[in-house]
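Heads up: the structure comes next, in C-alpha cells.
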Amino acid sequence: MKEYRRQSAIVIGAGVVGVTTALALQDKGFAVTLLDRQPPGEGASFGNAGFLATELNDPLSTPENLKNAPRLWLDPHGPVALPPSYWHRSLPWLMRFMKAAKPEQVERSQQGLNALNRAAVGAWRRLIEGTELHSMLRASGYLLAWESNDLTAAKQHAEQLEHWQIETRLLQGDAVQAHEPGLSSAVHHALLFPDSWQVSDPYELVMGLFQRFCRQGGVFTQASVQRIDPAAGTVVTATGTLEADHLVLCAGAWSHKLLAQTGIHIPLEAERGYHLTLPNAGEALRQPVGSAERRFVMTPMSCGLRIVGFTELGGLNKAPLPQRFDSLHHHTGALLRDTSPLESPHETWMGHRPTLPDSLPVIGRHPAYPRLYAAFGHQHLGLTQAAITAEVVAANLSGESCGIALDPYRMERF
C-alpha cells in the first residue's frame with residue numbers, strides 16, 4: 001500500500017494575511033511552515049484601524065482623488081504626504097497611479113475590490129467561529145462624519161454605496177451626538193453603516209491566530225529571506241535553506257523584491273501609515289468613526305482609542321516624521337467631545353502598507369512557476385480581506401473552486 005504524504009507549504013510573511021493563509025492551508029491538510037524576519041503580527045497588521053472596511057470599493061486612484069490631491073498635499077495637516085527626498089523614487093509609481101484613474105481601470109478595480117469585500121465578514125466568521133477568538137469580532141457599525149453643513153457629498157456617497165447594496169443612514173445634528181455621544185458638536189452630519197464590523201485589537205487577534213497555528217502543529221521560523229527558488233521549492237534564509245511543495249508569498253511591502261527574483265516585476269509602493277493609540281480612551285467612542293474631510297479614522301479598542309491616518313509615499317527606510325503624529329493629534333482634538341485623553345501619554349507607530357497603482361492585491365499562481373503562489377498588496381484593506389484571501393489561496397492550492405474570479409488580481413497584469 002502506497003504511503004500517504006502530506007503536501008507541504010512555506011508561507012513567507014507572518015502578518016495578518018500570512019497567518020490566516022497558514023491556518024487555511026492547515027485546514028486543508030497541508031504541513032505548513034510560517035516564515036518572517038520579524039515576530040508574528042509586527043508589520044502593518046500591528047497598526048491598522050481595526051475595522052473591516054467593506055465599504056471601500058473605490059480604488060485610491062480616481063479622477064476625483066487626483067483632482068483633490070494637490071490641495072490635500074499642500075495642507076500642513078492634510079492626509080497626503082510626499083517627502084521631497086523621495087520624489088525621484090516615487091515618480092514612476094505615481095505615473096502608473098495616475099494612469100490607473102482611467103474610467104475603465106477604475107471600474108475593474110471597483111469590481112475586484114467588491115468581490116473580496118462582500119465575502120470578507122463571512123470568511124472572518126468562519127475562521128474564528130467556535131474558537132476563543134470569536135468575541136474579538138463584533139458588529140459595531142461605523143460612522144463617516146462631515147463637519148461641513150453641505151449634505152451634497154454625503155448624499156452622493158450614499159447613492160454610490162447603494163449601487164453596491166451597502167446600507168447607510170444619514171444622521172444630522174443632534175441625531176449624530178445621540179448615536180455617538182463621544183463626538184463633538186463640530187460634526188454636522190454623518191453616514192451610519194449599520195452592518196460594519198470591527199475587531200477588538202488587531203495585534204491580539206493575529207497573535208491568537210498564530211498560537212492556534214502552532215497548537216495545530218505549525219512551525220514558525222524567524223529569519224530573513226535572502227532568495228527564493230520556486231522551481232525547486234526552496235527558500236534561502238540567513239540561517240539555512242527550507243524546502244516545500246508550495247511557496248506562498250505574503251510578505252506585504254517586501255513581497256515585490258522577492259518576486260522580482262522570478263522575473264515578475266510588480267510596481268508596489270510602501271505607503272507609510274501612522275497611528276496614535278490613547279490607552280486611557282478605549283471607551284471614548286462606541287464604534288469606529290471616520291472623517292470624510294480630514295480622512296482619518298478613530299476606533300475604540302481593548303488597547304485604547306486607535307487613531308489612524310495618512311497616505312505618505314516614503315519607502316521602506318525613512319524614519320517616521322513627527323509632524324504626522326502632530327496632525328493626528330490635531331484632527332482628533334477637533335472631533336472628540338472629551339479631549340483630555342490627548343493630554344495623557346500615548347503610543348505612536350508607523351508601518352508600511354503594500355499598495356499597487358490599481359489598489360488591487362496580487363492573488364494568484366506564478367505563470368512560470370506553479371509551485372509559487374502570491375497574496376500581497378492589500379493596501380488599506382489587509383485586515384478586511386485577509387480571511388477571504390486565505391480561503392482563496394487554500395482552495396486554489398487544493399485544486400478546489402474558490403468562488404471568486406482571480407483574473408483581476410493576477411501578478412502578471414502589469
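Predicted model only: the values in this text are computed from it and were never measured.
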Enclosure of Glu129 CD (heavy-atom neighbours >12, cutoff 6.0 Å): no
Arg108 and Gln105: CA distance, side-chain angles, deciding distance, side chain to side chain donor-acceptor pair (under 3.5 Å) verdict: CA-CA 5 Å; Arg108 284 196 293 270; Gln105 180 56 61; 3.0 Å; yes
Phe51 side chain near Ser140 side chain, heavy-atom distance below 4.5 Å: no
Leu116 and Pro361, any side-chain heavy atoms less than 4.5 Å apart: yes
Closest contact, heavy atoms only, Leu285 versus Leu336: CD2-CD2, 4.0 Å
Residues Ser148, Asp150; criterion side chain to side chain donor-acceptor pair (under 3.5 Å); working and verdict: CA-CA 5 Å; Ser148 164; Asp150 186 350; 5.3 Å; no
Side-chain donor/acceptor of Glu269 to backbone N/O of Pro357, under 3.5 Å: no
Point-to-point distance, once rounded to the nearest 0.5 Å, from CG of Leu247 to CG of Leu397: 10.0 Å
Glu412 CD to Arg365 CZ distance, which is reported to the nearest 0.5 Å: 12.0 Å
Whether Ser45 side chain and Gly41 backbone form a donor-acceptor pair below 3.5 Å: no
Taking every non-hydrogen atom, the tightest pair across Arg413 and Leu356: NH2-CD2, 3.6 Å
Non-hydrogen side-chain atoms of His331 and Ser291 separated by less than 4.5 Å: no
Any Asn48 side-chain heavy atom under 4.5 Å of Val308 side chain: no
Under 3.5 Å donor-acceptor, Gln261 side chain and Ile228 backbone: yes
Distance-minimising heavy-atom pair for Leu313 and Tyr86: O-CD2, 3.4 Å
Atom of Leu183, atom of Gln177 and distance for their closest heavy-atom approach: O-CG, 3.7 Å
Main-chain N/O of Ala101 paired with Ser61 side-chain donor or acceptor, under 3.5 Å: yes
Worked check of side-chain contact (heavy atoms from CB on, under 4.5 Å) between Tyr409 and Val362: CA-CA 5 Å; Tyr409 321 109; Val362 167; 6.0 Å; no
Donor-acceptor contact present, side-chain Ser184 to main-chain Ala186, <3.5 Å: yes
Any donor-acceptor pair under 3.5 Å from Arg306 side chain to Ala49 backbone: no
Main-chain N/O of His179 paired to Arg286 side chain as donor or acceptor, under 3.5 Å: yes
Arg324 (side chain) donor-acceptor with Gly273 (main chain) under 3.5 angstrom: no
Spatial distance of atom NE2 (His346) from atom CZ (Phe325) [nearest 0.5 Å]: 8.5 Å
Within 6.0 angstrom of Arg138 CZ, more than 12 heavy atoms from elsewhere: yes
Flag if over 12 foreign heavy atoms under 6.0 Å of CD, Glu107: no
Residue pair Leu137 / Leu52, side-chain heavy-atom distance below 4.5 Å: yes
Ring geometry between Trp349 and His275 (parallel below 30°, tilted from 30 to 60°, perpendicular above 60°): parallel
Aromatic contact, His189 with Trp146 (centres under 6.0 Å): yes
Candidate list His380, Glu271, His378, Gln379, test side chain to side chain donor-acceptor pair (under 3.5 Å), partner Thr355, passing option: Glu271
Centroid-centroid distance, Phe30 to His246, less than 6.0 Å: yes
Beyond-backbone contact of Val11 with Val393, side-chain heavy atoms, under 4.5 angstrom: no
Arg212/Leu127 under side-chain contact (heavy atoms from CB on, under 4.5 Å): CA gap, chis, key distance, verdict: CA-CA 11 Å; Arg212 176 176 150 196; Leu127 181 64; 4.3 Å; yes
Within-4.5 Å side-chain heavy-atom neighbours: Tyr274 and Thr348: no
Gap between atom CG of Leu259 and atom CD1 of Ile264 - 0.5 Å precision: 6.0 Å
Test log, rule side-chain contact (heavy atoms from CB on, under 4.5 Å), inputs Trp254 and Ile12: CA-CA 10 Å; Trp254 287 263; Ile12 303 170; over 6 Å; no
Expected output: side-chain Asn114 to main-chain Gln111 donor-acceptor under 3.5 Å: no
Tyr203 and Phe46 aromatic ring geometry - parallel, tilted or perpendicular at 30°/60° bounds: perpendicular
Gln323 atom CD, over 12 foreign heavy atoms within 6.0 Å: yes
Interatomic spacing from CH2 in Trp164 to CD in Gln110 - rounded to 0.5 Å: 5.0 Å
Salt-bridge criterion met for Glu147 and Arg294 (N-O under 4.0 Å): yes
Nearest atoms (heavy-atom pairs only) where Pro39 meets Gln222: CD-NE2, 3.6 Å
His329 side chain vs Leu342 backbone, donor-acceptor pair below 3.5 Å: yes
Pairwise distance CD1(Ile166) to CG(Leu56) - rounded to 0.5 angstrom: 8.5 Å
Where His366 and Thr262 come nearest, the two heavy atoms and their spacing: NE2-OG1, 2.8 Å
Flag if over 12 foreign heavy atoms under 6.0 Å of CD, Glu64: no
From CA spacing to verdict: side-chain contact (heavy atoms from CB on, under 4.5 Å), Leu249, Met411: CA-CA 12 Å; Leu249 185 56; Met411 64 182 72; over 6 Å; no
